[in-house]
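Quick notes on the structure that follows.
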Amino acid sequence: MPGRAVIHIELDSFFVSVEMKMRPELKGTAFVIGADGDPAKRGFVSAVSPEAKRKGVKVGMTLRQAKKLCAEALFYPADLLSYEQASGKFMAILGDYSPLVESFGLDEAFVEVLSDKGKDPFPAALSISNEMKSRVKRELGLTASVGVGPNKLIAKMCSEAKRPDGFFAIEETEVEKFLRDLPVGSLCGVGARTAQRLGELGIKTVAELARTPVSHLERNFGPIIGRGLNEHSRGIDESPVVPFSEPDSLWREVTFDEDAADPYILKETLYALTEDVTARLKASWDKALTVTIKVRFNNFMTLTRSGSMQEATDSMNDIWRTTLKLLEGVDLPRPVRLVGVKLSGLV
DNA sequence: TCTGGGGTCCTAGGACCC
DNA sequence: TCTGGGGTCCTAGGACCC
């Protein structure tokens with residue numbers, strides 16, 4: 001029985017590369033992409049040119065912080081339409097090599113290489129990934145980092161191990177050695193919070209996690225996450241490569257430039273968001289059963305309220321009535337910095 | 001002093017039914 | 001008047017991902 005072979009491919013500094021192709025004059029300059037491109041407003045950095053990176057600007061910091069660190073940087077809004085176009089071309093190239101391509105955001109994807117007549121698909125995966133990489137370079141002018149492994153978890157960790165323009169492959173027999181000394185936080189699904197809790201239990205490396213009894217992990221993290229941690233620590237990941245899936249929910253939220261204390265502004269904003277998300281619902285020929293609103297106060301305390309309608313609908317009237325009822329059930333003891341609306345239970 | 005936006009999945013607890 | 005146990009559905013919140 002041959003094993004699986006999964007490729008993970010990720011474009012290097014995707015947003016920055018696309019911007020530089022559209023505006024060649026940016027070459028060699030410090031620039032930052034994020035939100036609507038106004039560093040005076042609230043918003044996060046999505047991408048940074050190498051020149052701005054050298055000044056300490058990082059993805060995930062606020063635009064204001066970025067401006068402080070690098071006053072001469074140019075700021076641009078994220079031009080999602082252009083990124084989506086480039087992403088489509090990228091995904092089309094991957095689709096030439098396998099029917100099983102799962103996009104993961106705009107700039108990365110998993111590709112499962114199918115076994116030919118029961119043969120081990122691993123060698124084929126190696127040559128396919130090389131070919132993808134050079135076609136992406138030749139046809140799109142973008143570099144990519146590629147990882148190959150027996151499953152999605154290992155493939156993704158491989159592509160992250162060598163960047164940019166990297167290539168790294170691990171066969172099943174090498175997995176344990178590869179994982180052993182890595183910190184638990186490098187496993188997919190172990191974020192800052194979980195890494196900290198594991199640290200408190202004396203578990204710092206992947207090898208230590210693998211030695212921890214499943215029952216101990218289940219007690220501390222619940223049955224599903226506990227078992228998942230154990231499997232991932234041993235390099236086991238059975239999750240399939242899923243080519244396309246309908247979204248389960250649609251979400252719109254907005255942070256005010258200035259915290260809002262006036263209930264009328266909240267209502268007005270929620271109405272606009274509800275209209276927007278309902279339009280997207282209709283465009284995808286879906287109906288939604290449940291509405292959720294989110295309110296974040298100026299002290300960052302965040303609450304959600306959800307309610308279901310009689311039956312799934314795409315009627316703005318019904319959805320807005322539900323949204324409004326949820327809003328009216330919320331106490332507003334202090335100014336609000338963010339409101340959002342989610343539609344779920346899509347059919 | 002500051003902390004976006006769009007998603008997914010999991011957990012815990014309560015309601016409800018048999 | 002008291003009240004088990006299993007299953008399912010719903011809601012609220014949190015962790016994680018890009």
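Note that the coordinates shown come from a computational prediction; the quantities given were computed from them, not determined experimentally. As a basis for the values below, the full set of heavy atoms in this structure was taken, side chains included, without hydrogen atoms, waters or symmetry mates. First the proteins, then the strands, lettered A, B, ... as listed; each starts at 1.
- The distance between atom CZ of A:Phe256 and atom C1' of B:dG5, rounded to the nearest whole Å, is 15 Å.
- At least one side-chain nitrogen or oxygen of A:Lys156 sits closer than 4.0 Å to the OP1 or OP2 atom of C:dC18.
- Between B:dG4 and A:Arg42, no contact under 4.0 Å exists linking OP1 or OP2 to a side-chain N or O.
- At least one side-chain nitrogen or oxygen of A:Thr194 sits closer than 4.0 Å to the OP1 or OP2 atom of C:dC16.
- In this structure, A:Ile33 places its CD1 atom 18 Å from P of C:dC18, rounding to the nearest Å.
- Following rounding to the nearest Å, A:Arg219 (CZ) and B:dC10 (C1') show an atom-to-atom distance of 19 Å.
- In this structure, A:Ile224 atom CD1 and C:dA15 atom P are separated by 17 Å, rounded to whole Å.
- A cation-pi geometry, defined here as NZ or CZ lying under 6.0 Å from the six-membered ring centre and within 45° of its normal, does not hold between A:Arg180 and A:Phe178.
- Expressed to the nearest 0.5 Å, how far OG1 of A:Thr323 lies from CD of A:Glu328 amounts to 11.0 Å.
- Note: CZ (A:Phe221) to C1' (B:dC9) measures 16 Å, nearest angstrom.
- Distance, A:Leu281 CG to B:dG6 C1': 16 Å, rounded to whole Å.
- Within the structure, a side-chain polar atom (N or O) of A:Arg252 is placed less than 4.0 Å from OP1 or OP2 of B:dG6.
- In this structure, CZ in A:Arg135 is found 13.5 Å from CG in A:Leu142, a value given to the nearest 0.5 Å.
- Following rounding to the nearest Å, A:Glu258 (CD) and B:dG4 (P) show an atom-to-atom distance of 15 Å.
- When each of A:Pro247 and A:Arg64 is assigned the nucleotide of DNA chain B bearing its nearest heavy atom, the one mapping closer to the 5' terminus is A:Arg64.
- Out of C:dT11, B:dG6, B:dC2, the shortest distance to the side chain of A:Ser306 is found at C:dT11.
- A gap of 15 Å separates the C1' atoms of C:dT3 and B:dC17, to the nearest Å.
- Across the strands present, C:dT11 finds its partner in B:dA12; the criterion is a Watson-Crick or G-U wobble pair with both atom distances under 3.5 angstrom.
- A:Leu250 comes within contact range of the sugar-phosphate backbone alone, with a heavy-atom separation under 4.0 Å but no base atom that close.
- Nucleotides of DNA chain B nearest to A:Glu246 and A:Asn298 differ in position, and the one nearer the 5' end is that of A:Asn298.
- Close to B:dG5, at under 4.0 Å from its OP1 or OP2, lies a side-chain N or O of A:Thr255.
- OP1 or OP2 of B:dG4 lies within a sub-4.0 Å distance of a side-chain N or O belonging to A:Arg337.
- You'll find that the side chain of A:Lys342 is closest to B:dT8, out of B:dG5, B:dT3, B:dT8.
- Per the stacking criterion (ring centres < 5.5 Å, plane angle < 30°), A:Phe104 does not stack onto the base of C:dC18.
- For A:Ser308, taking side-chain heavy atoms from C-beta onward, the closest of the listed nucleotides B:dT3, C:dC10, B:dG5 is C:dC10.
- For A:Tyr83 and A:Phe15, the ring centers sit closer than 6.0 Å to each other.
- When side chains are defined from C-beta on, A:Tyr97 counts as touching A:Glu131, because their heavy atoms get closer than 4.5 Å.
- Regarding the sugar-base torsion, C:dC2 falls in the anti class, its angle being beyond 90° of 0.
- Counting non-hydrogen atoms under 4.0 angstrom, A:Glu108 reaches the backbone sugars and phosphates but no base.
- Taking atom P in both C:dC18 and B:dC2, the straight-line distance is 28 Å, to the nearest Å.
- Between C:dG14 and B:dG4, the distance separating the two P atoms is 16 Å to the nearest Å.
- Put simply, CG on A:Leu229 is 17 Å from P on B:dC9, counting in whole angstrom units.
- Contact annotation for A:Gly307: backbone-only contact, meaning every heavy-atom pair under 4.0 Å involves sugar-phosphate atoms and none involves a base.
- Residue A:Arg305 places at least one side-chain N or O under 4.0 Å from the OP1 or OP2 atom of C:dG13.
- Heavy atoms of A:Leu338 sit under 4.0 angstrom from primed sugar atoms or phosphate atoms, though from no base atom.
- A sub-4.0 Å separation between OP1 or OP2 of B:dG4 and a side-chain N or O of A:Arg296 is present.
- Remark: A:Arg23 qualifies as a cation-pi partner of A:Tyr76 under the 6.0 Å distance and 45° angle criteria applied to the six-membered ring.
- For C:dA12, neither phosphate oxygen OP1 nor OP2 lies less than 4.0 angstrom from any side-chain nitrogen or oxygen of A:Thr304.
- A salt bridge links A:Lys156 to A:Glu160: one of the charged nitrogens lies within less than 4.0 Å of a carboxylate oxygen.
- A salt bridge does not link A:Arg280 with A:Asp286: none of the charged nitrogens is closer than 4.0 Å to a carboxylate oxygen.
- At the phosphate of B:dT8, OP1 or OP2 sits under 4.0 Å from a side-chain N or O atom of A:Ser249.
- Taking every side-chain heavy atom of A:Asp248 into account, B:dT8 is the closest of C:dC18, B:dT8, C:dT11.
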